[in-house]
Amino acid sequence: MVKLAVLGASGGIGQPLSLLLKLSPYLTELALYDIRLAKGVATDLSHINTTVKVSGYDKDDLKSALTGADLVVIPAGIPRKPGMTRDDLFKINAGIIKTLAQGVAQFAPKAMVLVISNPVNSTVPIFKQVLSDAGVFNARRLFGITTLDLVRAKTFVNGFEQYWKDLSEINVIGGHSGNTIVPILSKAASYAKLTAQQRDALIHRIQFGGDEVVKAKDGAGSATLSMAYSAYVFVERLLKAIKGETGIVEDTFIYLDSSIQGVKEVKSLISGGVEFISLPVRLSARGVEAVEFGILNELNQHEKELFNVATKELKVNIAKGITFVTGSK
Ligand code: NAI
């Protein structure tokens with residue numbers, strides 16, 4: 001029996017993500033919550049003859065949506081408009097995330113929480129701070145969803161160079177906005193064939209791929225379908241790990257708690273005291289099992305430079321999230 005709650009289920013990401021989750025063989029119950037339309041979306045999905053039971057919850061019924069949830073996935077909040085950065089979303093989404101985190105602390109304190117709402121670099125620290133203040137934080141169970149960055153990287157390397165076959169050798173680490181996104185491509189054999197100009201163009205496209213969607217949608221929103229797909233991939237991988245499958249590694253933005261295997265090594269390899277970061281993480285039934293820190297030893301000089309830029313910006317984004325909670329107590 002696995003219950004998953006989607007908070008922000010009626011939105012551009014929430015609806016296709018809920019549709020994909022309705023097809024999951026690993027779920028028994030899907031609780032859809034939003035400040036609008038959640039019952040409508042739930043009724044619509046409930047007509048699909050898969051075994052997942054779907055229910056919808058209005059604005060005032062966060063408690064019912066969350067009670068008994070094993071996983072909570074959060075795409076609630078406003079998306080970017082042309083000209084906005086993910087950080088511009090902060091003022092509105094920070095408040096939404098804080099409220100939802102208080103709900104999780106109260107009604108589903110043991111759930112695994114997957115935060116999609118941007119800016120992830122700050123919304124995950126907000127979530128952590130609220131859960132810590134409530135005495136229910138467990139670093140193994142809080143994930144910022146950065147999967148789309150790797151999905152884009154795998155797509156763009158192929159679009160860019162027909163010969164790029166070694167996709168398992170590429171990765172994306174750091175944070176989830178602009179310069180904090182650090183594509184790690186140098187381990188792939190195809191990397192050596194790129195000119196510096198091609199390399200820079202490719203890295204820029206991965207870092208700012210979201211802007212292409214924002215521009216193409218002409219003010220109507222940001223990535224929704226590719227994001228729903230990416231979140232679904234992550235959720236399915238996590239559900240497999242919860243069921244006991246071993247060897248599952250996914251990139252995710254986590255709090256670097258020293259009790260987690262690999263975190264001490266990460267901290268010794270990163271200067272500047274960054275407390276949250278996206279890295280490849282081994283998943284298990286308890287969530288984050290270990291951080292695969294080895295990747296930090298494998299960066300080439302150019303990637304090290306990108307990583308240094310990323311961690312400086314990341315630190316500012318993280319502090320902004322924490323201060324939002326601690327300063328408003
Ligand atoms: P949207 O505006 O289409 O949907 C957001 C939904 O959240 C709406 O249905 C809205 O009613 C709901 N909502 C607002 N306040 C709420 C609250 N307090 N409780 C519950 N629901 C609430 O936006 P979209 O396109 O679905 O994007 C959602 C978020 O995901 C944005 O912050 C966006 O920037 C982020 N995003 C994250 C990505 C990632 O890689 N992590 C990629 C793309 C978008």
State which residues pass side-chain hydrogen bond (donor to acceptor under 3.5 Å, both in side chains) with [X]; sequence neighbours excluded, sorted by chain then number.
X: Ser132; answer: Lys128
X: Ser186; answer: Glu303
X: Glu298; answer: Lys187
X: Asn300; answer: Tyr191

Side-chain ([X]) to main-chain ([Y]) donor-acceptor, under 3.5 angstrom:
X: Lys22; Y: Ile48; value: yes
X: Asn93; Y: Ile78; value: yes
X: Ser122; Y: Asn317; value: yes
X: Asp34; Y: Ala9; value: yes
X: Gln198; Y: Thr195; value: yes

ask   = Going through the distances and angles, do Glu236 and Ser24 end up as a side-chain hydrogen bond (donor to acceptor under 3.5 Å, both in side chains)?
value = CA-CA 8 Å; Glu236 285 284 285; Ser24 173; 2.7 Å; yes

According to salt bridge (Lys or Arg N to Asp or Glu O under 4.0 Å), who are the partners of [X], at least two apart in sequence or on a separate chain?
X: Arg286; result: Glu289
X: Glu169; result: none
X: Asp200; result: none
X: Arg141; result: none

task = Sort and list the pairs that fulfil ring-ring contact (aromatic ring centres under 6.0 Å, His included) and have at least one residue in residues 108-145, not counting sequence neighbours.
result =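 Residue pairs with at least one partner in residues 108-145: Phe137-Tyr255, Phe143-Phe234.
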
Under the ring pair (Phe, Tyr, Trp, His ring centres under 6.0 Å) test, residues paired with Tyr232 that sit two or more places apart = none

task = Under the ring pair (Phe, Tyr, Trp, His ring centres under 6.0 Å) rule, collect the residues that match up with His204, sequence neighbours excluded.
result =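 Here the qualifying residues are Phe208.
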
ask   = Looking at Glu245 and Arg237, does any basic side-chain N land under 4.0 Å from a carboxylate oxygen?
value =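 Salt bridge between Glu245 and Arg237, a charged N being under 4.0 Å from a carboxylate O: no.
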
ask   = Do Asp88 and Arg80 sit within salt-bridge range, that is, some charged N less than 4.0 Å from a carboxylate O?
value = no

Identified side chain to side chain contact (heavy atoms under 4.5 Å, CB included) counterpart of [X] within the set [options]:
X: Leu100; options: Ile126, Leu7, Val130; result: Leu7
X: Leu30; options: Thr50, Val73, Val6; result: Val6
X: Leu279; options: Asp251, Ile295, Val249; result: Ile295

query = Should the heavy atoms of other residues, nucleotides or ligands under 6.0 Å from CZ of Phe107 be counted, would the total exceed 12?
reply = yes

inquiry  = Set out, in order, the CA-CA distance, both residues' side-chain angles and the distance that settles side chain to side chain contact (heavy atoms under 4.5 Å, CB included) for Leu142 and Ile254, then state yes or no.
reply    = CA-CA 7 Å; Leu142 179 63; Ile254 59 160; over 6 Å; no

request  = Scan side-chain atoms only and decide if Asn121 and Thr180 contain a donor-acceptor pair under the 3.5 Å cut-off.
outcome  =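 Checked: Asn121/Thr180 side chains pair up, N/O donor to acceptor below 3.5 Å.
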
key: Summary of side-chain hydrogen bond (donor to acceptor under 3.5 Å, both in side chains) pairs that have at least one residue in residues 99-110, sequence neighbours excluded   =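 Of all non-adjacent pairs touching residues 99-110, none passes side-chain hydrogen bond (donor to acceptor under 3.5 Å, both in side chains).
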
query = Given Lys39 and Asp58, is the side chain to side chain contact (heavy atoms under 4.5 Å, CB included) satisfied, shown in steps?
reply = CA-CA 7 Å; Lys39 285 197 166 153; Asp58 290 335; 3.6 Å; yes

ask   = Any idea which heavy atoms bring Ala111 and Ala69 closest together, and the distance?
value = CB-O, 3.4 Å

query = Does the pair Val291 and Ile260 meet the rule for a side chain to side chain contact (heavy atoms under 4.5 Å, CB included), with working shown?
reply = CA-CA 7 Å; Val291 182; Ile260 296 172; 4.2 Å; yes

